[in-house]
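Before any comments, here is the structure.
Reckoned from all heavy atoms, side chains included, excluding hydrogens, waters and symmetry mates. Below, read A as the first sequence line, B as the second, and so on, with proteins coming before strands; counting in each chain starts at 1.
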Amino acid sequence: MQLITILVVSFLGAGIVYLTGKFSGRVRDISAVLVSLAVVILVGLAYNQKIYTNFYSLPFLNLSLSLRLNYLSWFFAIIVAGIGFLSILFSLEYIKDYQGVGFYYFMMLFVNAGMLGIVLSADFLSFYIFWEMMSWGTYLLISYKGGKAVAAGLKYIIMSVAGSLAMLFAIVSLYASYGTLKFSSLASLLQIASPGYILFLLLMFVVGFGVKNAIWTLHTWLPDAHAEAVSPFSAVLTGVLVRMGMYGFLLIMYSIVGLSLLHKLGYGLLNFNYILCWIGAITIVIPTFTALLQNDSKRLLAWHGIGQGGYMVLGIGVATSLGIAGGILHTLNYAVCGALLFFVVGAIEHRTGGVRDLNELGGLIKRMPVTFIAGLAGISGLIGVPLTNSFVSKWMIYKTLIMENYPFLAFAAFIGTWGTILSVYKFLHNIFLGQLPEKYKDVKEVPLTMQIPMILLSLAIILFGILPGIPLKVISGIEKSFGVEPLSTTMFGMPKEIGELNLINILAVLLVAGIVVYLIFSLSAKSRRVNQDDNYAAGLFVPRGKYQYSARFYDQAYRIIGPYLHDVVDDFYYWLVGKSKSSFQIVRQIYTGNINTYALYILLFLTLLIFVKLGWGL
Amino acid sequence: MIIKVISIIVLPLIALIIGFFFLGLSRKVIARIHRRYGPPISQPLIDVIKLINQESISHGKLFDMGVILSLAGSVILVLFIPFGGIAPLATSGDLLVIIYLMLLAPLGVALSGGEAANPNVSIGISRKMMLALGYEVPFLFSLLAVMTWYKTTSLVEVVKAQQSFLWAIFYLPLPAVAYFMILPAMLGIRPFDIVSAPQEIASGTAVEYGGRYLALTTIQHAFHIFIDIALFVNLFLGGGNLLTFFVKMLVVFLLGLFINAVFPRLRIDQAIKYCWKWPAILALVGLIIARII
Amino acid sequence: MSLIYNWMYYIASGGLILIGMYIILVKTNLIKIIIGLNFIDTGVNILLVCIGYVKGRTAPIFSTSRINPTNVVDPVPQALVLTAIVIGVAVLALALSIAIKVYEHNKTLNVTKIRGLKW
Amino acid sequence: MRTRKIISIIILLILAGGFILTFSQIPFGKDKINVAHYYISKGIEETGAVNIVTSVVLNYRGFDTLGEVTVLFIAAIGLGAVLFTEKRVQKHASKSKDDKTKKASLILRTGSNLLFPLILLFGAYIFVHGHLTPGGGFQGGAVIASGFLLMYLAFPKQSINKKSLSVVESLSGLIFVGIGLFGLIFSGYFLSNFLPKGIPNTLFSAGIIPIIYIAVGFKVGFELTSVIDDLLGRGK
Amino acid sequence: MVNPSLLIGLPLAFAFSIPLFGLISKKIEKYIPIIALFINMVISFMLIPQILKKPIVVSIGGWSPPFCINLVVGPLGILLATLISGIGFLVSIYAVSYIKEEPTEKYHILFLLLMVGAIGIVLTGDIFNLFVFFEILCISSYALVAYYKDKEGTEAAMKYLIQGSVGSSFILIGVALLYGFFGTLNMADIASRITSANPTYLFITLAFLITGFGIEAAIFPLNAWLPDAHSSAPSSISAILSGIAIKTGVYGVARMVYTIFNANSILLFIAFLGLLTLLIGEMCAFRQDDIKRLLAYSSIGQIGLIIFALGIATSLGVFASLFQIVSHALAKALLFLAAGYMIYRVGSKSIASLNGLGKKMPLTSFAFTIGSFSLIGLPPFAGFVSKLSIVYAAMQVKKPVFLAFIAIALIATIIEAGYFFKIVQNLYFKEGKNLDKITESSGYILIPIAILAILIIVIGVHPQFITGLLKASARELLERAGYIGWVLGGT
């Protein structure tokens, strides 16, 4: 019963918020925050319960829609609810002066509800229904700002519809051959299916979920969608919505097809998992280095979203308990870091009047310190600096890759990290460090409602960085539900037999070393504070306002890497659309407008029928 | 337990001493090559003491924190690398942790340099990053080669495995050579010192550093030299007890110094191309061999 | 001889239908096409009546006692023809009125010229 | 153009083949009557009409004729809608200026004056005796319409009052449907023959058939007249 | 027990009386179609429960079935009759304030008679009567397409008329041949006697009938008239044409193939034709920039889907195609009504001119979005359930050829999603030029649009309302013996 209340609260909540929006803005904002908070609490309360309810039946297809809760769905549900709540909180101030704000809040809550529906559904039909509702909800929200966002929204929805239709094809073929769509019963039924059929199913589902999770060849919609969507929504989009694809991968690969069956697919090196790992590896390397070349901050983060998605796919592709745990943990970690970074960009946009171009910003650390700290935490989370949450998940992925003897995949992951460091530092440097331009002299810090989400997420990064045991306990529960032998971890690191990782020791040592160095630093001679214009310019006069190096930050690297990173896949899709458009033009010419030709068509049809009959004796 | 605490305190000091010794030695040796006497070996120590008492300017909170972070990062990194017999924190962090901890130092410097709001510094940082990108490829290949060869990620086990019979350098010659070829890039000495060379853009990242900041950066540089060479020795030369460990480090350092002192300075894209051509190929071949056998 | 006798009416109706279709397919003048339509209608009406005809029998009207149910033709097709003719007239009238309007707008009755709506 | 001709000829040949094959299955002149035997044998005593075709048209398959009348009604209304022009009023005015429209020749005018009443009488005869002699409402209506056409030819300027035409049309249509509905009320079947059958072969026989045929006769006559009027573009 | 023949008699009486009411006062005419169709809707709703128990066979004129015209009111008949009168009722409300063009009295008569024709087709059990009602439907729609008397309207009406009358002549030839073979006109009677004739020659009659009905049902090569007719007719009429007229054509084809001729071998060909229509319809719709022409082509596409589902001979296949008929009728009527009023307000038909209407006419564009989402088949709407059942029906047939067909059908859905989403974006997220004087539509316009939108959502969320009726009508179509039993085996 509890699951239905969650869904009902979130869907009706969206409706109520829209209605209150008609009366007064204040009431709408408060009710939106309350609804999302209620959802978080409800999901939180339903922690380790096993619930299974049928909530609706379609007699004519003798199908019934049902919901269930286990560790996997609870894990994703809490991420969805949490990030949703924080983005609503963040957008209170951010969306104030946009038009159609009621529509925005309704759509945000509606998409959140859709995602909760996906995560809680227990059979493929309700899964597909909520999936589609989420997709077209996202489409409306992406193109919410108008202008270039319209093209981005269209690109997104076309690819998402194509993906979900592939998924529908697989779901209905499952239903046609097994008569039921329940995950539990399907899991047992599929054991006896022929490998070819399972491979076909997996292929279709990989296409469906790959489009959402933006694996390499299906990623082209993501940069435009993230860059053009409203910042709070792109936080939700990159953090959580894209990870529905990951939930789908986990669902189909482990809770339905199951580990043992996966290994039987394919022979030797050419099995399904290995190919998936390589796709994950490519998804790490190419997008991360394309992020290097971007000048628009949101587009840079979007490319990182794709890159980090590669880590998750790599993690679960390896199919060892450590790998799966690493992949799932990285989903949580990136959800936190990605959302935080988009909040930071949103804050910058809010204060500097919508400027996203990295070459125009600079020196904002002096005016917006809290945002800077959040940004620093975010990028260190993204890189995986020790004592941040991504470090633990990346460590697990590397450990399992090396132990399973896949050194080249490990290399791709490492190089991905270094690519992230370079591009993410460029992001931080061009926005916060360097000279503060004239026009941002009086920029104030973002209001409190925007700071709280940022601070909370930064704390989460550090907390999970130091005490990874909290999420890992849930993840070991998930692995038990998958039938994989669960990963036993201590609260702050890895036990002896898995590997040497003790985060508390690292923390302690870092603190001690930090204090010692700080003592040395403060004991030595004092230094006087100078402002940014009092700077070394090799004897020349410091040119005001132009003394900033941010354009073409890694110039030499561009020249070497640049040519290889041209997005070939995107060109292929545009070529495809162009070709189909011209073929549609030819097809249109059938209707020539001349009566005689139309009469000719009718008689041709008749003679075809008769001729086929006489000739063939149908 | 007490031995652990003592070794945690002692090890950084040893590293500091060795680091300064190497610094002094390198200036002495280069001078000798240029047929001049060069400053006394303890010159770096004298510089640091002088700098600490000197007045300096600061560009804000992050400017200070960045330098502190980078030094702290180097200090704890030392603790994870076994020096001879002593390996205090080896059980709580393996080779992967070491790779990631090596990020802290450049990150700290980059942050404080960025705060200095000086384009020269920014150019220096971007060069340092690109150079790092350059030498990371062969470095990672060689590390992976070692790890796949010994089927473990913990440095202590690698060292123990090398005690029983031959050093890793005989089993994995190519990664070792590759590592050795990029050692100067990692240390930032002679052919790859474009980042911090005085003649270049006002000595790169250290433009705005004076007094105590310069002192801390030189200390950090000393630690960094110790770390890289100690890592090389542990990985490929199976570092034995204290004395033999120091001797091996000295040999590796001098060998590297002699070879590289004569080369002209490489431009950044030349450096990257160099790192990605020969050392990367050698390390890759080494990795493939390690993978297949 | 009896062969032609038996098939004469079918040949007439089939011929009329085919000629009507030929006109619609080939002729470009709108009025000719409408006339073609009329050809097809008449052809079909003849076909309907032929189907109802039985040799050597007369119309089914029992005005005199002489006509008894045995020597009477099938009345149903004649009822159908009655309806079909009136439908033909209705369609013809409507077609001509629309043709008037088409001519008013396009100033031509040549079908190949009236191609405002295509694709 | 030539290719179109060749293709259409080929198509028509195939169609001709189809026709020949199907017609060979329907022997001409043979007694293929099946359901019609019922009408022929029990037609008179069930409907009271001597002319079996009329009994089939109105009683057995009355629904078709109702549909039939509706089709004609639609054609008339459709024609009115399509050819409806406000301009008609101006045309009327412009006509009075240039009075050169030729007046019909004397013979035509006097002849039509003489013939018009006779044509109307003959038409009325046809549709009144629908159930006795061949012919019926539609044929009588057509004859009446030809009378009105004659008047249009004779007097180019005059035109019939459209309002009255449409009223008669709808009234007669209503009578037809009304009889159907009465049938439904009285005997539970739509269009059933609830009036007394009377003696066959006499004028007042065959229940509702003569009434319907009179209504249909009026309706068809006036509808065709309004069609002619619209096509000539003269009526108000 | 109300007599179903009222369903046809009453509106006919009203239609004939409109000119008389016109004499009293011009204003009443506008409301007569509403009253007539409302009564029709009420009657058909009252009949549904009774028919689900036992279908009614009503003879016209009081004679036993084979010897007279009878109305067979089975579940299929009543389903389509309710659909027709319901949508007709809503569109007549819409037409009250939409039709301003001069001879409005004639418009309302023709509109009512078109409805009579449609209901007649669906209910009649006699093949010639089917032809007559088909003619009523066609001729009134010829006249109504030419109602605007502008260059486009007349040209479209002319093309529609010529193709339509060629089709009707083919039907008449078919009916004549059938009478020649079996000497009877009652559909059930013919169905029971069908085996007595030689199947090869019978097939040629079937070919004529399918071509005749196919023209009205817009199967691929025969649907050249549809884009012109639907785009240049007044919007209320194109809503009716798309929503109902095509469906009666499909009903005709279904009745011929399933009930009368029992021609199972041709079903695969029909499924292929449906797929072809779907592809051609979607492809042509993609490149249109005139909104109504785009909707017309999308109607062709959807009809292709319906005919494809019809081609799957299983009971679920026919059930899915009937469900798609209902959901397409509702959605397409909604789209045409909404688009029609937007064009009326903006003044031009091009899609670009619809930019930014989302803010000026929020309710209309919201309804338009619901309609287009339902057509694409997105979950909470009726289109999703019907498309899902079509895909499932196609999959249930284990033959690989149907797998390929359904895959192509899904690809066609992507194309359809492409252009519908583009329009929705134009409405909401693009800035429109000189939209200041445009205000939300008046009462008469909004009522039908709102009701249709609510119906789509209600059926989408709770399809059980109509699935019972749909299952019964699917069974009626598939089990010929049942149909023959109703009519001939005594009322």
Contact origin within Ala290(B) toward chain A - heavy atom pairs under 4.5 Å: neither

By a 4.5 Å heavy-atom criterion (distance strictly below it), what part of Glu157(B) contacts chain A: side chain, backbone, both, or neither? side chain

Nearest 0.5 Å, please: how far is CG in Asp94(B) from CH2 in Trp395(A)? 5.5 Å

Check for a donor-acceptor pair, side chain of Tyr398(A) on one end and backbone N or O of Leu96(B) on the other, with a separation under 3.5 Å. no

For the residue pair Tyr100(B) and Phe414(A), does the interplanar ring angle fall in the parallel (under 30°), tilted (30 to 60°) or perpendicular (over 60°) class? tilted

Kindly indicate, with the supporting measurements, whether the criterion side chain to side chain contact (heavy atoms under 4.5 Å, CB included) is fulfilled by Asp64(B) and Phe521(A). CA-CA 9 Å; Asp64(B) 321 340; Phe521(A) 177 79; 3.7 Å; yes

For Glu115(B), is it the side chain, the backbone, both, or neither that has a heavy atom closer than 4.5 Å to a heavy atom of chain A? both

Most heavy-atom pairs under 4.5 Å with chain B, out of Ser527(A), Gly434(A), Gly514(A), belong to Ser527(A)

Between Lys394(A) and chain B, with a heavy-atom cut-off of 4.5 Å, which part of the residue counts as in contact: side chain, backbone, both or neither? side chain

Tightest non-hydrogen contact, residues Arg529(A) and His59(B), listed as NH1-C, 3.6 Å

Does any N or O in the side chain of Arg212(B) come within less than 3.5 Å of the main-chain N or O of Lys526(A), such that one atom is a donor and the other an acceptor? no

Select, from Asn53(B), Val137(B), Ile272(B), the one with the greatest count of heavy-atom pairs under 4.5 Å involving chain A. Val137(B)

Where on Leu62(B) is there a heavy atom nearer than 4.5 Å to chain A: the side chain, the backbone, both, or neither? side chain

Phe289(A) versus chain B, heavy atoms under 4.5 Å apart: side chain, backbone, both or neither? side chain

Proximity breakdown for Gln54(B) and chain A, heavy-atom pairs closer than 4.5 Å: backbone

Evaluate the side-chain proximity of Tyr554(A) to Leu133(B): yes if any heavy-atom separation is below 4.5 Å, no if none is. no

Proximal component of Leu376(A), with respect to chain B [non-hydrogen, under 4.5 Å]: side chain

Going by heavy atoms in the side chains, are Phe411(A) and Leu284(B) under 4.5 Å from each other? no

Could you have a look at Gly419(A), Ser380(A), Gly384(A), Pro369(A) and say which one has the most heavy-atom pairs with chain B under 4.5 angstrom? Gly384(A)

d(Ile125(B) CD1, Leu422(A) CG) to nearest 0.5 Å is 12.0 Å

For a quick test of reading the model, state the closest non-hydrogen atom pair linking Leu433(A) to Leu111(B) and the distance between them. CD1-O, 4.0 Å

The interface call for Leu216(B) against chain A, heavy-atom contacts under 4.5 Å, is side chain

Could you state the interatomic distance from CG (Leu510(A)) to CG (Leu69(B)), rounded to the nearest 0.5 Å? 7.0 Å

Please check if the number of heavy atoms outside Lys61(B) that lie under 6.0 Å from its NZ is greater than 12. no

Give, as side chain, backbone, both or neither, the part of Thr388(A) having an atom under 4.5 angstrom from any heavy atom of chain B. neither

Quick check for you: to the nearest 0.5 Å, what is the distance between Tyr518(A) atom OH and Met65(B) atom CE? 5.5 Å

Any idea which of Ile288(B), Leu287(B), Asn118(B) has the most non-hydrogen atom pairs under 4.5 angstrom with chain A? Asn118(B)

Exercise: identify the closest heavy-atom pair between Ala513(A) and Val75(B): CB-CG1, 3.9 Å

Closest approach of Ser122(B) to His429(A) (non-hydrogen atoms, all atoms of both residues): OG-NE2, 3.0 Å

So which of Thr153(B), Leu95(B), Leu143(B), Thr152(B) actually passes side chain to side chain contact (heavy atoms under 4.5 Å, CB included) with Ile402(A)? Thr153(B)

I need the Met129(B) CE to Ile421(A) CD1 distance, nearest 0.5 Å. 7.5 Å

Top of Ile415(A), Val385(A), Asn405(A), Asn505(A) for chain B proximity - count of heavy-atom pairs under 4.5 angstrom: Asn405(A)

Trp418(A) side chain reached by Leu103(B) side chain, heavy atoms, under 4.5 Å: yes

Kindly give the heavy-atom pair with the smallest separation between Val517(A) and Ala72(B), and that separation in Å. CG2-N, 4.2 Å

Can you tell which part of Ile57(B) gets under 4.5 Å to a heavy atom of chain A, answering side chain, backbone, both or neither? both

At a 4.5 Å cut-off on heavy atoms, which part of Phe63(B) comes close to chain A: side chain, backbone, both, or neither? neither

State, yes or no, whether a side-chain contact exists between Ile99(B) and Thr417(A) at a heavy-atom distance under 4.5 Å. no

Looking at Arg267(B), Glu55(B), Glu136(B), which makes the most heavy-atom pairs under 4.5 Å with chain A? Glu136(B)

Name the region of Leu523(A), side chain, backbone, both or neither, that has any atom closer than 4.5 Å to a heavy atom of chain B. neither

For the residue pair Leu144(B) and Ala410(A), what are the closest heavy atoms and their distance? CD2-CB, 3.9 Å

Interface moiety of Phe432(A) toward chain B, non-hydrogen atoms closer than 4.5 Å: neither

Interatomic distance, Ile52(B) atom CD1 to Ile520(A) atom CD1 [nearest 0.5 angstrom]: 7.0 Å

Count the heavy-atom pairs under 4.5 Å between each of Ile268(B), Val97(B), Leu104(B), Thr148(B) and chain A, then report the option with the highest count. Val97(B)

